[in-house]
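Encoded as structure tokens, the structure appears first; notes follow it.
As the structure is a computational prediction, the values presented were derived from the model and not from experiment.
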Amino acid sequence: MDSTEIVIDLVHVKKSFGSAEILKDINLQLEKGETVVTLGKSGTGKSVTLKCIVGLIQPDSGTVMVLGKNVFELTYEALQYIRKKIGFVFQSGALYDSMSVRQNIEFPLERNSNLSKADITKRVEEVLKDVGLSSSIDKMPSELSGGMRKRLGVARTIALKPEIMLWDEPTTGLDPATAREISNLIVDMQKKYNVSSIVVTHDMECTKIVADRIVVLQDGEYKHSGTFDELKNSSDEFVRSFFE
């Protein structure tokens with residue numbers, strides 16, 4: 001595919017909650033196969049942006065294009081079809097605690113794919129191998145460490161082979177070594193599956209490992225964009241504050 005294919009295009013997106021203007025003028029493009037990291041202070045709208053992309057929050061104005069479709073002009077069925085192409089890795093992992101590792105991955109495959117039982121088993125084993133959890137296939141989430149739970153969340157998401165991955169604080173609450181493992185896993189999944197990703201994070205080591213490009217959210221707009229080194233050496237005080 002053309003490397004300049006745009007898979008997400010946000011144009012003049014605005015969103016307020018009551019009198020609080022969170023997204024003032026969001027413009028962001030994500031290219032096929034690219035990983036973009038968004039930096040910004042807590043509570044400034046990074047996660048709200050992700051929720052607009054998947055149609056969970058409707059902006060007050062502006063356009064949200066995903067895989068060439070205007071998300072807020074789609075029928076419910078068409079929106080569900082687009083959502084199947086988007087993987088969302090939640091900060092908490094959002095695992096089903098009453099299901100085993102195997103069942104956590106089988107469940108969305110049974111509901112959202114036409115795979116046979118044998119093919120589902122094969123897919124489950126493949127993605128668990130991808131994230132290094134093969135030996136934990138019959139454990140319960142409560143038996144897993146924080147890093148293993150995070151990897152299970154990743155495995156469950158990539159099992160559906162999404163074209164786009166949205167990562168909300170993927171390394172939060174993890175020790176530095178485990179955070180590095182998750183960051184490297186994001187890179188590995190991008191290479192293996194050629195997914196396009198938006199990563200919301202405060203973790204600068206994660207940012208350095210995964211980002212092709214970084215955008216900085218300031219006052220409800222993406223005001224700065226560049227590579228890790230470009231922004232680290234920026235003359236802008238707000239941008240440099242993330243790297244200090």
Side-chain angles (χ1 to χ4, degrees), residues 1-2 5-8 30-35 50-51 53-56 64-69 71 74-145 147-168 170 181-199 210:
M1 275 193 176
D2 183 354
E5 181 190 341
I6 304 298
V7 294
I8 291 177
L30 178 69
E31 291 182 9
K32 175 84 176 161
E34 181 185 33
T35 299
L50 297 187
K51 288 172 183 169
I53 291 169
V54 292
L56 289 173
V64 179
M65 302 291 291
V66 178
L67 299 170
K69 307 284 186 190
V71 169
L74 297 175
T75 62
Y76 178 75
E77 289 75 17
L79 178 59
Q80 291 300 87
Y81 179 76
I82 286 284
R83 282 174 171 164
K84 286 178 188 176
K85 295 176 180 289
I86 303 172
F88 203 124
V89 179
F90 296 90
Q91 189 174 331
S92 62
L95 302 174
Y96 303 113
D97 288 330
S98 60
M99 295 183 184
S100 68
V101 168
R102 180 199 302 273
Q103 290 166 329
N104 258 280
I105 302 172
E106 284 175 344
F107 183 65
L109 286 170
E110 287 164 354
R111 293 189 58 155
N112 297 303
S113 77
N114 299 317
L115 295 175
S116 67
K117 186 71 182 162
D119 285 338
I120 285 177
T121 299
K122 192 173 159 189
R123 179 75 60 83
V124 169
E125 289 169 354
E126 180 192 2
V127 295
L128 286 176
K129 186 179 176 189
D130 281 340
V131 302
L133 283 179
S134 297
S135 60
S136 302
I137 191 166
D138 292 315
K139 288 185 174 175
M140 300 301 286
S142 59
E143 298 176 79
L144 305 179
S145 68
M148 292 165 84
R149 288 172 67 92
K150 196 77 81 165
R151 282 187 278 161
L152 174 54
V154 174
R156 189 180 62 187
T157 304
I158 60 172
L160 287 163
K161 297 197 171 171
E163 293 180 38
I164 295 166
M165 293 280 280
L166 305 177
W167 307 79
D168 194 7
E181 277 179 20
I182 296 296
S183 302
N184 287 319
L185 181 60
I186 292 172
V187 175
D188 292 344
M189 295 303 97
Q190 193 270 340
K191 285 178 182 164
K192 179 169 181 180
Y193 295 103
N194 193 32
V195 292
S196 316
S197 299
I198 295 177
V199 182
V210 308

With a 4.5 Å limit on heavy-atom distance, are the side chains of [X] and [Y] in contact?
| X | Y | answer |
| --- | --- | --- |
| M140 | M99 | no |
| V89 | L166 | no |
| L128 | S136 | no |
| T157 | F88 | no |
| M65 | V71 | no |

Next item on the list: Test V154 against W167 for side chain to side chain contact (heavy atoms under 4.5 Å, CB included), laying out the working first.
Entry: CA-CA 9 Å; V154 174; W167 307 79; 3.5 Å; yes
Item checked: Pair R149-D97, salt bridge (charged side-chain N to carboxylate O under 4.0 Å, His left out): steps then yes or no -> CA-CA 10 Å; R149 288 172 67 92; D97 288 330; 3.6 Å; yes
Check: [X] side chain, [Y] main-chain N or O, donor-acceptor pair, under 3.5 Å:
| X | Y | value |
| --- | --- | --- |
| E34 | E31 | yes |
| K150 | P170 | yes |
| E125 | K122 | no |
| S145 | M148 | yes |
| N112 | P108 | yes |
| S196 | G33 | yes |

Rounded to the nearest 0.5 Å, how far does [atom2] of [Y] lie from [atom1] of [X]?
| X | Y | atom1 | atom2 | result |
| --- | --- | --- | --- | --- |
| I137 | L152 | CD1 | CG | 10.5 Å |
| Q190 | I158 | CD | CD1 | 13.0 Å |
| L109 | Q103 | CG | CD | 13.0 Å |

Notebook entry, point to check: Can you pull the ring pair (Phe, Tyr, Trp, His ring centres under 6.0 Å) pairs that have at least one residue in residues 107-131, sequence neighbours excluded?
Noted result: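 Counting only pairs at least two positions apart or across chains, the ring pair (Phe, Tyr, Trp, His ring centres under 6.0 Å) contacts touching residues 107-131 are Y96-F107.
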Closest non-hydrogen atom pair between [X] and [Y], with its separation:
| X | Y | answer |
| --- | --- | --- |
| V131 | A155 | CG2-CB, 3.8 Å |
| V64 | I53 | CG1-CA, 3.9 Å |
| S134 | K129 | OG-CA, 3.3 Å |
| V7 | I164 | O-CD1, 4.0 Å |
| I8 | I6 | O-CG2, 3.2 Å |
| R156 | L95 | NH1-CA, 3.7 Å |

All salt bridge (charged side-chain N to carboxylate O under 4.0 Å, His left out) counterparts of [X], not counting sequence neighbours:
| X | result |
| --- | --- |
| E181 | none |
| R102 | D138 |
| K85 | E163 |
| K117 | E106, E110 |

Check: Could you walk me through whether K32 and N194 pass the side chain to side chain contact (heavy atoms under 4.5 Å, CB included) check?
Finding: CA-CA 8 Å; K32 175 84 176 161; N194 193 32; 3.7 Å; yes
What side-chain donor-acceptor pairs closer than 3.5 Å can you find for residues 74-82, not counting sequence neighbours?
from, atom 1, to, atom 2, distance (Å)
T75, OG1, A78, N, 3.1
Y76, OH, Q80, NE2, 3.4
Q80, OE1, R83, NH1, 2.8

Notebook entry, point to check: More than 12 foreign heavy atoms under 6.0 Å from NZ of K51: is that the case here?
Noted result: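 No, not enclosed.
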Note to self: Around atom NZ of K192, are there more than 12 heavy atoms from other residues, nucleotides or ligands closer than 6.0 Å?
What the structure shows: yes
Margin query: Under 3.5 Å, is there a donor on one side chain and an acceptor on the other for Y193 and D130?
Written below: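 There is such a pair (donor and acceptor under 3.5 Å, judged by atom type) between the side chains of Y193 and D130.
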Next item on the list: State which residue, out of I198, V199, L56, fulfils the side chain to side chain contact (heavy atoms under 4.5 Å, CB included) condition with L50.
Entry: I198
